[in-house]
Amino acid sequence: MPEIREFHEGETLRAARALLELRPHRAPAEALAALADGQRAAGYRLAGSFEPGEDEAAAVAGFRVQENLAWGRHLYVDDLVTRADRRGRGHGGALMRWLAEEAARAGCEQLHLDSGVGADREDAHRLYFNTGLRISSYHFQATTAGAGGGRRR
């Protein structure tokens with residue numbers, strides 16, 4: 001059974017190998033860890049699933065507890081990834097159970113996450129459905145002029 005532990009500031013590099021599989025554009029590992037730690041003031045937290053005797057996480061969840069008018073108090077999962085060489089060992093399911101328990105501990109009414117829709121996400125979607133999540137909305141995005149883009153039509 002995987003062990004789930006929350007990362008504290010200064011331990012984020014132990015999550016970086018997994019996170020880089022989901023967010024390779026945030027490389028190198030040190031830069032990704034600095035970005036993640038920089039979000040902690042806004043409530044960002046990290047939890048990892050570990051195999052016995054390993055210091056690097058096999059799977060990682062980045063999340064935050066928030067409150068808004070639409071969903072009330074909720075836990076939002078920003079990042080959820082299992083390293084490719086550790087998939088099929090129960091890490092994703094263990095993290096999802098831990099996240100649901102953490103949401104309950106924090107008094108959250110709901111747990112939310114967004115997921116990409118490519119064929120490469122089918123295993124992730126199966127995990128989400130198997131852990132009780134359902135598709136409840138579409139997520140829309142646009143690149144803003146401030147990001148060097150412009151209005152898309």
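Remember, predicted model here, so these are calculated numbers, not experimental data.
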Sidechain-backbone polar pair: R73 side chain, A106 backbone, donor-acceptor under 3.5 Å: yes
is_close_aromatic(F63, F7), centroid dist under 6.0 Å: no
CZ on R26 to CG on L35, rounded to 0.5 Å: 6.0 Å
Contacts of type side-chain hydrogen bond (donor to acceptor under 3.5 Å, both in side chains), residue Q66, not counting sequence neighbours: H74
Rounded distance [0.5 Å steps], CG in L95 versus OG1 in T82: 6.5 Å
Side chain to side chain contact (heavy atoms under 4.5 Å, CB included) partners for S115, two or more places apart: L113, R121, H125, Y128
salt_bridge(R87, D123) N-O dist < 4.0 Å: no
Interatomic spacing from OG1 in T12 to CG in D37 - rounded to 0.5 Å: 3.5 Å
ILVMFWY network linking V81 to I4, side-chain heavy atoms under 4.5 angstrom: no
Shared hydrophobic cluster for L127 and V77 (ILVMFWY, side-chain gaps under 4.5 Å): yes
S49 OG to E54 CD distance, which is reported to the nearest 0.5 Å: 10.0 Å
side-chain hydrogen bond (donor to acceptor under 3.5 Å, both in side chains) involving D79 - partner list, sequence neighbours excluded: R23, Y44
R14 vs R5, side-chain contact (heavy atoms from CB on, under 4.5 Å): CA-CA, chis, key distance, verdict: CA-CA 11 Å; R14 294 173 53 208; R5 297 192 303 262; 2.7 Å; yes
Side-chain (Q39) to main-chain (A36) donor-acceptor, under 3.5 angstrom: no
Residues R86 and E21 bridged, charged N to O under 4.0 Å: no
Listed once per pair and sorted, the side chain to side chain donor-acceptor pair (under 3.5 Å) pairs that draw on residues 100-111, sequence neighbours left out: R45-E102, E102-R105, Q110-H112
Side chain to side chain contact (heavy atoms under 4.5 Å, CB included) involving A104 - partner list, sequence neighbours excluded: none
Considering all heavy atoms, the nearest A61-L80 contact: CB-CD1, 3.8 Å
Qualifying residues under side chain to side chain contact (heavy atoms under 4.5 Å, CB included), relative to D85, sequence neighbours excluded: R17, R83
